[in-house]
Amino acid sequence: DASAFAQILSTLLLLTTCASCSHPKDNTSLSAEDASNQATTNTKKQTPKSFAAWFAEGATALEEGDNETAVTAYTKAIELDPKSAETINARGVAFLRMNRITIALKDFNSAIELSPHVPKYYGNRAIVYGDKDEHTRAIADLTVAIKLDPNSPNWYRQRSDAYRRQ
């Protein structure tokens, strides 16, 4: 019942230690209601991050060049929304920057599978193919990117570079 729960909370709070000293904190003045409110407040502080929060943390880390943190944050976001092609692609970029091209390729493939209409996913995969000296595949992906976004000079430039390296 509620009073037993409040009593347990009061006892637990009484046993907590003060962060600035080594003696037990004196919480004997807390009423059962105050103890319950404090426990509720502590629970709220431990609320897990949302997809948006993890995605934002990953984006900030990626922008700052902290690729390990970006991978971790994007992975947490993907756990919350495994169908987010944008997040999977962003994690692939972080892996690519860490020169982990095999796993980056897997992420780009997944992003393309989820959202085949987004040209930058093909452009990113083309970079991996270029790094693997698979220029024909890079050209094919860049051709798809051009079909999806014919006004972007970036895809033409990248495809031109892939042809030269072939």
Side-chain angles (χ1 to χ4, degrees), residues 8-9 12-13 15-22 25 35-149 151-159 161-162 165:
I8 292 169
L9 283 176
L12 288 173
L13 290 171
L15 297 174
T16 60
T17 46
C18 177
S20 62
C21 51
S22 60
K25 201 176 198 179
S36 180
N37 289 340
Q38 187 171 347
T40 302
T41 301
N42 288 342
T43 302
K44 287 180 184 174
K45 290 179 187 173
Q46 296 172 2
T47 302
K49 287 185 183 179
S50 66
F51 167 83
W54 282 120
F55 184 88
E57 184 177 319
T60 299
L62 191 64
E63 187 176 305
E64 293 173 352
D66 185 356
N67 298 311
E68 290 283 345
T69 299
V71 165
T72 300
Y74 285 136
T75 299
K76 294 284 187 181
I78 292 164
E79 288 170 2
L80 296 173
D81 184 1
K83 302 251 186 238
S84 173
E86 184 64 26
T87 309
I88 294 167
N89 177 71
R91 185 177 68 178
V93 170
F95 279 130
L96 182 60
R97 290 180 179 177
M98 296 164 62
N99 205 31
R100 296 179 62 190
I101 60 173
T102 301
I103 197 161
L105 180 59
K106 287 179 185 176
D107 276 353
F108 298 143
N109 285 338
S110 294
I112 290 167
E113 186 176 313
L114 289 167
S115 293
H117 60 280
V118 181
K120 71 178 173 181
Y121 303 164
Y122 293 94
N124 288 337
R125 188 169 71 178
I127 292 169
V128 171
Y129 287 144
D131 287 349
K132 295 175 70 167
D133 290 329
E134 296 179 23
H135 302 294
T136 302
R137 289 177 126 181
I139 291 165
D141 271 356
L142 291 163
T143 300
V144 172
I146 289 167
K147 285 179 183 175
L148 293 170
D149 184 15
N151 297 320
S152 175
N154 186 43
W155 310 133
Y156 293 99
R157 187 172 47 258
Q158 280 184 264
R159 188 171 69 174
D161 290 342
R165 291 186 182 133

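Atom set for the values below is all heavy atoms of this structure, side chains included, hydrogens, waters and symmetry mates excluded. Position 1 is the first residue of the sequence; numbering continues from there.
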| request: Work out which heavy atom in Lys132 is nearest to a heavy atom in Leu105; give both atom names and the distance. | output: NZ-CD2, 3.9 Å
| remark: Quick note, ring pair (Phe, Tyr, Trp, His ring centres under 6.0 Å) partners involving residues 93-114, not counting sequence neighbours, are none
| said: Can you confirm whether His135 sits close enough to Asp133 that some side-chain heavy atom of one is under 4.5 Å from a side-chain heavy atom of the other? | reply: yes
| note | In short, Val71 meets Ala94 closest at the heavy-atom pair CG2-CB, 3.6 Å
| note | dist Asn154:CG -> Asn151:CG (nearest 0.5 Å) comes out at 13.0 Å
| task | Identify whether the distance between the nearest side-chain nitrogen and carboxylate oxygen of Glu57 and Lys49 falls below 4.0 Å. | result | yes
| query | Can you find a pair of side-chain heavy atoms, one from Asp131 and one from Leu96, that are under 4.5 Å apart? | reply | yes
| task | Check whether the side chains of Thr69 and Asp66 place a donor and an acceptor atom closer than 3.5 Å, and report yes or no. | result | yes
| task | Check Pro119 against Asp149 and note the closest heavy-atom contact, atom names and distance. | result | CG-CB, 3.7 Å
| query | What distance do Ile101 atom CD1 and Tyr129 atom OH have between them, rounded to the nearest 0.5 Å? | reply | 11.0 Å
| request: State the CG-CG distance between Asn109 and Leu114, to the nearest 0.5 angstrom. | output: 11.0 Å
| request: Could you go through the salt bridge (charged side-chain N to carboxylate O under 4.0 Å, His left out) check for Arg125 and Glu134 one step at a time? | output: CA-CA 11 Å; Arg125 188 169 71 178; Glu134 296 179 23; over 6 Å; no
| field | Heavy-atom side-chain contact between Glu86 and Lys120 under 4.5 Å | value | yes
| message | Any non-hydrogen side-chain atom of Ile139 less than 4.5 Å from a side-chain atom of Arg137? | response | no
| message | So, taking the atom named CZ in Arg100 and the one named OG1 in Thr102, what distance separates them when rounded to the nearest 0.5 Å? | response | 9.5 Å
| note | Between Ala162 and Leu142, the two heavy atoms sitting closest are CB-CD1, 4.5 Å
| field | More than 12 heavy atoms of other groups within 6.0 Å of Glu63 CD | value | no
| query | If you take all heavy atoms of Asp107 and Ile88, which pair is closest and at what distance? | reply | O-CG2, 3.2 Å
| task | Return each pair, listed once, that meets ring pair (Phe, Tyr, Trp, His ring centres under 6.0 Å) where at least one residue sits in residues 53-82; pairs must be two or more places apart or across chains. | result | Phe55-Tyr74
| field | Closest contact, heavy atoms only, Leu62 versus Ala90 | value | CD2-O, 4.1 Å
